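Computed over heavy atoms, backbone and side chain alike; hydrogens, waters and symmetry mates excluded. Treat the numbers as computed from the prediction; the structure is a model and nothing was measured.
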Amino acid sequence: MSFNPKLTQWQNKRVWLVGASTGIGEALARQLDQLGCRQMLSARSADKLATLAGELKNAKALPLDITQQGAVKSAFDHLIHAWGGVDLIVLMAGTYSEMSVEGFDIEKVCQQIDVNLNGTMYVLGNALPQLLQQKSGHLAIVSSVAGYRGLPNSLAYGPTKAALINLAEALHVELKPHNVGVSVINPGFVDTPLTRKNTFPMPFLITAEKAAQEIIVGLEKGEFEIHFPKAFTRTLRTLRILPYSLYFAAVRKITANTKKPELGNE
């Protein structure tokens with residue numbers, strides 16, 4: 001079943017990729033470039049963006065700290081001035097800090113809320129009026145399978161990702177009548193600079209290039225939830241629907257004497 005207009009014609013598509021400097025974002029930028037897209041690449045790292053944009057055929061660096069509301073507005077205004085509109089916005093910027101009840105740190109909580117959630121809201125504050133006016137376009141919001149249900153050591157990261165899933169669902173309901181597509185992207189373990197810090201086995205680990213391919217295929221099929229790798233995420237989707245009596249028992253058993261994996265794209 002197709003939930004969104006299928007993105008099948010990539011040539012000259014105007015794409016704003018937020019969180020493009022490393023990991024899945026960089027891999028996605030490279031693959032979209034091969035498909036003929038025009039891209040604005042945003043992240044905090046101006047040097048990495050400039051290098052990446054210089055290696056692509058039709059991409060420009062648009063450095064941005066997504067936690068700064070004024071900067072987001074300026075970046076979006078620049079984009080619209082250059083293009084006149086936008087066809088696809090991919091929101092990949094995010095951060096992660098492991099956190100348990102013993103190490104609860106309100107500053108780190110606020111940081112993750114600012115990057116993972118508030119930054120997305122700042123983009124929406126500028127993008128939604130434009131998309132409604134266009135009556136076209138697509139929003140792709142990167143969350144994580146860590147947002148499916150509550151997990152140990154994820155007192156800040158998990159809630160922000162759960163909020164993004166909820167947000168994408170609400171946006172889809174409201175934007176579908178306006179011919180604007182919405183997708184939520186929920187990665188499992190992907191080989192990125194963040195996950196390379198892990199010291200435990202990561203089941204079904206895939207490359208950033210494979211993750212980017214999964215995103216493109218999902219957008220081409222018009223999927224609402226794009227999740228990967230399927231062998232891993234389908235199991236977690238099953239846990240998502242368990243009643244609390246079974247879910248809490250399963251999580252305690254699975255996570256006994258282990259640390260919560262760092263799940264996501266950042």
Novice: Taking all non-hydrogen atoms of both residues into account, name the closest pair between K6 and G222 and its distance.
Specialist: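 The pair with the smallest heavy-atom distance is CG-N, 4.0 Å.
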Novice: Measure the CD-OG distance between Q69 and S74 for me, rounded to the nearest 0.5 Å.
Specialist: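 The OG atom of S74 is 11.0 Å from CD of Q69, to the nearest 0.5 Å.
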Novice: Please give me the minimum heavy-atom distance between A43 and L49, naming the atom from each residue.
Specialist: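 Of all heavy-atom pairs spanning A43 and L49, the closest is N-CD1, 3.3 Å.
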Novice: Heavy atoms, side chains only, cut-off 4.5 Å: are L219 and N4 in contact?
Specialist: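 No. Closest side-chain heavy atoms not under 4.5 Å.
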Novice: State, yes or no, whether a side-chain contact exists between I185 and F228 at a heavy-atom distance under 4.5 Å.
Specialist: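 Yes, at least one pair of side-chain atoms sits under 4.5 Å.
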Novice: Answer yes or no: is there a side-chain heavy-atom contact under 4.5 Å between V251 and P152?
Specialist: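 Side-chain contact under 4.5 Å: yes.
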Novice: For residues 99-152, pull every pair meeting ring pair (Phe, Tyr, Trp, His ring centres under 6.0 Å), keeping only residues two or more places apart or in separate chains.
Specialist: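 Of all non-adjacent pairs touching residues 99-152, none passes ring pair (Phe, Tyr, Trp, His ring centres under 6.0 Å).
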Novice: About how many Å separate CG of N126 and CG of L79, when rounded to the nearest 0.5 Å?
Specialist: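 That separation rounds to 10.5 Å.
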Novice: Do I241 and F224 sit in one hydrophobic cluster, given that two such residues count as connected whenever their side-chain heavy atoms are within less than 4.5 Å of each other, even indirectly?
Specialist: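 No, it is not one cluster - the side chains of I241 and F224 are not joined through contacts under 4.5 Å.
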Novice: Who pairs with R44 by side-chain hydrogen bond (donor to acceptor under 3.5 Å, both in side chains), at least two apart in sequence or on another chain?
Specialist: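 Scan of R44 (side-chain hydrogen bond (donor to acceptor under 3.5 Å, both in side chains), adjacent residues dropped) gives none.
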Novice: Go through the steps for L41 and L62 under the test side chain to side chain contact (heavy atoms under 4.5 Å, CB included), then give the verdict.
Specialist: CA-CA 6 Å; L41 307 178; L62 187 59; over 6 Å; no
Novice: Report the distance from atom NE2 of H227 to atom CD1 of I215, rounding to the nearest 0.5 Å.
Specialist: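 Here the rounded value is 13.0 Å.
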Novice: Side chains of L52 and S21, heavy atoms from C-beta outward: is any pair under 4.5 Å?
Specialist: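 Result no, sub-4.5 Å side-chain heavy-atom pair not found.
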Novice: Kindly indicate, with the supporting measurements, whether the criterion side chain to side chain contact (heavy atoms under 4.5 Å, CB included) is fulfilled by M99 and V109.
Specialist: CA-CA 9 Å; M99 190 177 301; V109 170; 3.5 Å; yes
Novice: After noting the C-alpha distance and the side-chain angles of L35 and Q11, does the key distance pass the side chain to side chain contact (heavy atoms under 4.5 Å, CB included) rule?
Specialist: CA-CA 6 Å; L35 291 171; Q11 190 69 35; over 6 Å; no
Novice: For T120, what residues pass the side-chain hydrogen bond (donor to acceptor under 3.5 Å, both in side chains) criterion, not counting sequence neighbours?
Specialist: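 For T120 there are no side-chain hydrogen bond (donor to acceptor under 3.5 Å, both in side chains) partners, ignoring immediate neighbours.
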Novice: Check A61 against A53 and note the closest heavy-atom contact, atom names and distance.
Specialist: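 Of all heavy-atom pairs spanning A61 and A53, the closest is N-CB, 3.8 Å.
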Novice: Could you pull out the closest heavy-atom pair between L88 and A140, with the gap in Å?
Specialist: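 Scanning both residues completely, I find the closest heavy atoms to be CD1-CB, 4.4 Å.
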Novice: With heavy-atom distances below 4.5 Å as the criterion, would you say the side chains of L64 and W16 are in contact?
Specialist: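 When only atoms from C-beta onward are counted, W16 and L64 do touch, with a gap below 4.5 Å.
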Novice: Between side-chain atoms of residues 164-176 and protein atoms elsewhere (two or more places apart, or another chain), which donor-acceptor pairs fall under 3.5 Å?
Specialist:
from: H172; atom 1: NE2; to: F3; atom 2: O; distance (Å): 3.1
from: K176; atom 1: NZ; to: F3; atom 2: O; distance (Å): 3.1

Novice: Any side-chain heavy atom of R38 sitting closer than 4.5 Å to one from K13?
Specialist: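 With C-beta onward as the side chain, the pair stays apart.
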Novice: State yes or no: do M121 and V182 share one hydrophobic cluster built from I, L, V, M, F, W and Y residues joined by side-chain heavy-atom distances below 4.5 Å, directly or via other members?
Specialist: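 They do share one cluster, since a chain of ILVMFWY contacts under 4.5 Å joins M121 to V182.
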Novice: Roughly how far, to the nearest 0.5 Å, is the NZ atom of K161 from the CD atom of Q112?
Specialist: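 So the gap between those two atoms works out to 9.5 Å.
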Novice: To the nearest 0.5 Å, tell me how far S136 OG sits from L131 CG.
Specialist: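 If we round to the nearest 0.5 Å, S136:OG and L131:CG are 7.5 Å apart.
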Novice: Return the set of residues passing side-chain hydrogen bond (donor to acceptor under 3.5 Å, both in side chains) with Q130 (not counting sequence neighbours), or none when no residue passes.
Specialist: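 Partners of Q130 by the side-chain hydrogen bond (donor to acceptor under 3.5 Å, both in side chains) criterion, ordered by chain and then number, come out as Q134.
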Novice: Could you check whether any side-chain heavy atom of L155 comes within less than 4.5 Å of a side-chain heavy atom of S100, counting everything from C-beta outward?
Specialist: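 They are not in side-chain contact.
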Novice: In Å, rounded to the nearest 0.5 Å, how long is the span from CZ of R149 to CZ of R240?
Specialist: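 Interatomic distance, R149 CZ to R240 CZ, rounded to 0.5 Å: 9.5 Å.
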Novice: Quick check: closest heavy atoms across P187 and S143, and the distance to 0.1 Å?
Specialist: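 For P187 and S143, the tightest heavy-atom pair comes out as CD-O, 3.5 Å.
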Novice: Find out whether L91 and V123 are in side-chain contact, i.e. whether some heavy atom of one side chain is under 4.5 Å from a heavy atom of the other.
Specialist: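 A side-chain contact exists here, since the closest heavy-atom pair is under 4.5 Å.
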Novice: Run the salt bridge (charged side-chain N to carboxylate O under 4.0 Å, His left out) test against K210 and tell me which residues pass, sequence neighbours left out.
Specialist: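 If we apply the salt bridge (charged side-chain N to carboxylate O under 4.0 Å, His left out) test to K210, skipping adjacent residues, the hits are E214.
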Novice: Which pairs with one or both residues in residues 215-227 pass salt bridge (Lys or Arg N to Asp or Glu O under 4.0 Å), sequence neighbours excluded?
Specialist: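 Counting only pairs at least two positions apart or across chains, the salt bridge (Lys or Arg N to Asp or Glu O under 4.0 Å) contacts touching residues 215-227 are E225-R237.
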Novice: Any donor and acceptor pair, going by atom type alone, linking the side chain of T160 with main-chain N or O of Y157 inside 3.5 Å?
Specialist: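 Confirmed, T160 side chain pairs with Y157 backbone.
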Novice: Tell me every residue that passes side chain to side chain contact (heavy atoms under 4.5 Å, CB included) with A27, counting only those two or more places apart in sequence or in another chain.
Specialist: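 Residues passing side chain to side chain contact (heavy atoms under 4.5 Å, CB included) with A27: A208, E209, A212.
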Novice: Can you sort out the partners of F248 under ring-ring contact (aromatic ring centres under 6.0 Å, His included), two or more places apart, ordered by chain and number?
Specialist: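 F248 satisfies ring-ring contact (aromatic ring centres under 6.0 Å, His included) with Y244 once adjacent residues are dropped.
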Novice: Please name all residues satisfying side-chain hydrogen bond (donor to acceptor under 3.5 Å, both in side chains) with N118, sequence neighbours left out, ordered by chain then number.
Specialist: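 By the side-chain hydrogen bond (donor to acceptor under 3.5 Å, both in side chains) rule, N118 matches D114.
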Novice: Which heavy atom of G94 sits nearest a heavy atom of N116, and at what distance?
Specialist: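 That would be CA-OD1, 3.1 Å.
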Novice: Salt bridge (Lys or Arg N to Asp or Glu O under 4.0 Å): which pairs involve residues 75-93, sequence neighbours left out?
Specialist: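 Found R14-D87, K73-D77.
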Novice: Quick check on the hydrophobic clustering: are W83 and V72 connected, directly or via other members, by side-chain heavy-atom contacts under 4.5 Å?
Specialist: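 They do share one cluster, since a chain of ILVMFWY contacts under 4.5 Å joins W83 to V72.
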Novice: Given side chain to side chain contact (heavy atoms under 4.5 Å, CB included), test W10 with I216 step by step and report yes or no.
Specialist: CA-CA 10 Å; W10 291 103; I216 291 171; 4.0 Å; yes
Novice: Are V217 and I226 connected, step by step, through hydrophobic side chains (Ile, Leu, Val, Met, Phe, Trp, Tyr) whose heavy atoms are closer than 4.5 Å?
Specialist: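 Per the 4.5 Å side-chain linkage, V217 and I226 are not co-clustered.
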Novice: Going by salt bridge (Lys or Arg N to Asp or Glu O under 4.0 Å), name the pairs with one or both residues in residues 46-66, residues two or more places apart or in two chains.
Specialist: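 For residues 46-66: R30-E55.
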Novice: Under 3.5 Å, is there a donor-acceptor pair between the side chain of T238 and the main chain of R234?
Specialist: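 Checked: pair present.
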Novice: Taking L56's backbone N and O only, do any of them form a donor-acceptor pair with D33's side chain (distance below 3.5 Å, no angle check)?
Specialist: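 Flag not set: sc D33 to bb L56 has no pair under 3.5 Å.
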Novice: Identify which one of V18, L28, L139 satisfies the side chain to side chain contact (heavy atoms under 4.5 Å, CB included) criterion when paired with V90.
Specialist: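 Exactly one option meets the side chain to side chain contact (heavy atoms under 4.5 Å, CB included) with V90, and it is L28.
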